[in-house]
Amino acid sequence: MKSLIKIAWRSLWRNKRRTLITSASVFLAVFLALFMRSMQIGSYEMMTDMAVREAGHLQIHKNGYWEKKSINYFMDYSNEIKREVESNPNISIAIPRMDNFALASYGDLTKGVAIQGIIPDMTDDRINLSKRIVKGRYLKENDTGVVLAEGLANYLKIDVNDTLVLLGQGYQGISAAAIYPVVGIVKFPIPKLNNLMMYMHLDQAQETFAPYNPDLISALVIELKDVDDLSEEANILNERIGFNYEVLSWEQMLQEVVQQIESDNAGGIVMLGILYLIVAFGIFSTVLMMTVERRREFAIMVAVGLNRSKLAIITLFETILIAIIGVIAGVIFSVPVLQYFHHNPIPLTGDLADMMLEFNYEPIMPFSLESFIFVSQGLTVLLIAMGIAIYPMIYAYWFKLLKAMRK
Amino acid sequence: MGSIKISNLHKVYNESKVPVKAVNGIDLEIKQGEFTAIVGPSGSGKTTLLNMVGGLDSPTMGDIEIDNVHIGSLNSKELITYRLNNIGFVFQSYNLIPVLTALENVAFIMELQGIPKDERNKTAKELLEKVGIADKINDRPGELSGGQQQRVAVARALASKPKFILADEPTANLDSKSTSDLLDLMQQMNDEYDTTFIFSTHDQRVMEKARRIITIDDGLVSSDILKN
Ligand SMILES: Nc1ncnc2c1ncn2[C@@H]1O[C@H](COP(=O)(O)OP(=O)(O)O)[C@@H](O)[C@H]1O
Ligand SMILES: [Mg+2]
């Protein structure tokens, strides 16, 4: 076996230039593929992370809430649910919240706002609102004030320490009205959120919108420890708490994120396919030439007693070695480059950037260093090489000895 | 050991189109230890005959029996093993594996036979000394002259301890000095190892070195002379 590898290895270097060019093309393809995949996987990881921070892995709602998004589909955060959630070993955290709409007035200015009643600490751990405070302070426990988005505050010409009037519809048709001091102003990079959002303590939201239902929430945001199969986990939980409730995964709630990842990933795979197709042709033409120009050599070897299967193994080694040289060089070169970009990500613009801003993320292109990226690209190239090696191997098994000897 | 019995051997090429009767009914017996030349003009059927004896080609008709083995009864895989263990080949040119050194070329045959590394390297060195290129054992074929390459080929042919060595026009590409050197070497090896040598040639000087000269014309033995 050692001799077969030796023959294969040395045969490759008989035409140094050709082998180097072929391996270099593999190298380049592997590098490009790794670069592209690292970037894509990195951005998917980040998008998933953003989505989970925003929506949790799962949310429990009253059945129908996600479709209607109406206050009439709010649910009681009952002791039963609390117990169920606390006793579930796979749930690491459960955060109640209330999302609602109302009118906010200051002086003679009025505007529709999106209100989030939150538990300040728990929510801040996830979406880091306190970092976005540009004036005043963030909400605290038992806070009776509200935090406004900057664009909204500007529209209403309201400032920290001013008092805002809130008017809206409460649970089961009651009318809701309250006044709140503004304690802080947050700034969002994208206008949609910046002109709309208002945050208050969940207790305050409950008092205002559901004074007779003190445990009312719109959603219970759940984060899991083990996220192998989200929809399975959702089903199990749903069965336990009953079908008055719906348990949705972030993938169900934020389908546009899932679709964006899927379509981007599909595009990436098509690109990889084209890239590897080109490389495959390069390897194939080299292997083809190596076979054709050594017909007599192969014939002599078989004539003097080399098994055709061993000859086939030599050609397999040759093909795979060309690929391995390229793969190893590609990986060795890629790791530091990707590491650099992992720690110094490229700033982003465009659609993706907007989406990231929406989720309160910095618009950067993150690079993933997940080992499966390297393994899968390496294996892909090796598989391609093995596929190509079928040609010289078939030749080794079937060529006509005498015809080849006469060459 | 090493006697070859050829009976009523025929080879017809191109049977479907214009048939060429390359070998046309040859009967021969070659005994252990012979140093025999197959001679005849170009196209007379020497290569065809040697290829069939060497198990590289199959007869259209007739039988080749080597020490009670009928070559025709072996399948192609068995033939490869048979060739490896029983027949040494020296071809006209480009005999050697170009990426292996002289030593590796000779040792490779023994490796295929499963001989342990130390032993095969020792034997290969001895053989290369015998054929007179002890100082070139680490050169690759490309670095050797034509005559030197043929010497390595002879050493390789001997390495597997074959029953006989077939050499199809081994001197065709050599100058006259190298030709006579190679023939002397083959003769010496024939004496020393008692290995049967069968070589083809159409070179007058080469055939003169043989102890038996079998002349072939149009696929038939036209004369068979044993010298002493
Ligand atoms: N593969 C083949 N197909 C058809 N004809 C062949 C083939 N090989 C040899 N011949 C013919 O068989 C005859 C004998 O050839 P060959 O054995 O090579 O003779 P020699 O070695 O004595 O020159 C020639 O007429 C040659 O043209
Ligand atoms: Mg010939």
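None of these values were measured; they are calculated from a predicted model. Naming convention: chains lettered A, B, ... in sequence-line order (proteins, then strands); numbering from 1 in each chain.
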Peer 1: Contact part of A:Arg308 toward chain B, heavy-atom cut-off under 4.5 Å: side chain, backbone, both or neither?
Peer 2: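 Contact with chain B: backbone and side chain both.
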
Peer 1: So which part of B:Leu100 gets closer than 4.5 Å to some heavy atom of chain A, the side chain, the backbone, both or neither?
Peer 2: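 It is both, since atoms from each part get that close.
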
Peer 1: How would you list, in number order, the residues of residues 2-13 of chain A that have a heavy atom less than 4.5 Å from chain B?
Peer 2: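 Expected list: A:Lys2, A:Ser3, A:Leu4, A:Lys6, A:Ile7, A:Arg10, A:Ser11.
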
Peer 1: Can a side-chain donor-acceptor contact be found between B:Thr179 and B:Thr171 if the only test is distance below 3.5 angstrom?
Peer 2: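 No, B:Thr179 and B:Thr171 have no side-chain donor paired with an acceptor closer than 3.5 Å.
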
Peer 1: Shorter than 4.5 Å, heavy atoms on both sides: which option in A:Ala299, A:Ser309, A:Gly305 has the most such pairs with chain B?
Peer 2: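 Highest number of heavy-atom pairs under 4.5 Å: A:Gly305.
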
Peer 1: Checking B:Phe91 against chain A: side chain, backbone, both or neither under 4.5 Å from a heavy atom?
Peer 2: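 Answer is side chain: those atoms of B:Phe91 sit under 4.5 Å from chain A.
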
Peer 1: Would you kindly say whether B:Asn138 and B:Thr101 are connected by a side-chain donor-acceptor distance under 3.5 Å?
Peer 2: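 Their side chains do not contain a donor-acceptor pair, so the 3.5 Å distance test is not met.
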
Peer 1: What pairs of residues pass the ring pair (Phe, Tyr, Trp, His ring centres under 6.0 Å) test when at least one of them lies in residues 269-308 of chain A, not counting sequence neighbours?
Peer 2: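 Non-adjacent pairs meeting ring pair (Phe, Tyr, Trp, His ring centres under 6.0 Å): A:Phe284-A:Tyr391.
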
Peer 1: Could you tell me which portion of B:Asp57 (side chain, backbone, both or neither) has an atom closer than 4.5 angstrom to a non-hydrogen atom of chain A?
Peer 2: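 When you check distances to chain A, atoms from both the backbone and side chain of B:Asp57 fall under 4.5 Å.
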
Peer 1: Quiz question: by atom type and distance under 3.5 Å, do the side chains of B:Gln150 and B:Asn95 form a donor-acceptor pair?
Peer 2: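 Looking only at side-chain atoms, B:Asn95 and B:Gln150 do form a donor-acceptor pair, the distance falling under 3.5 Å.
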
Peer 1: Around atom CG of B:Asp118, are there more than 12 heavy atoms from other residues, nucleotides or ligands closer than 6.0 Å?
Peer 2: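 Open: at most 12 neighbouring heavy atoms sit under 6.0 Å from CG of B:Asp118.
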
Peer 1: Around atom CZ of A:Phe35, are there more than 12 heavy atoms from other residues, nucleotides or ligands closer than 6.0 Å?
Peer 2: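 Yes, CZ of A:Phe35 has more than 12 neighbouring heavy atoms, counting only those of other groups under 6.0 Å.
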
Peer 1: Would you say the side-chain atoms of B:Thr196 and B:Glu34 include a donor-acceptor pair closer than 3.5 Å?
Peer 2: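 No pair is found: no donor N or O on one side chain lies under 3.5 Å from an acceptor on the other.
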
Peer 1: For the rings on A:Phe27 and A:Phe333, is their centre-to-centre separation under 6.0 Å?
Peer 2: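 Ring centroids of A:Phe27 and A:Phe333 are less than 6.0 Å from each other.
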
Peer 1: Tell me, for B:Glu104 versus chain A, whether the close heavy atoms (under 4.5 Å) come from the side chain, the backbone, both or neither.
Peer 2: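 The answer is the side chain of B:Glu104.
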
Peer 1: Would you say that more than 12 heavy atoms from the other residues, nucleotides or ligands in this model lie under 6.0 Å from the CE of A:Met271, or not?
Peer 2: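 Incorrect, the count does not exceed 12.
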
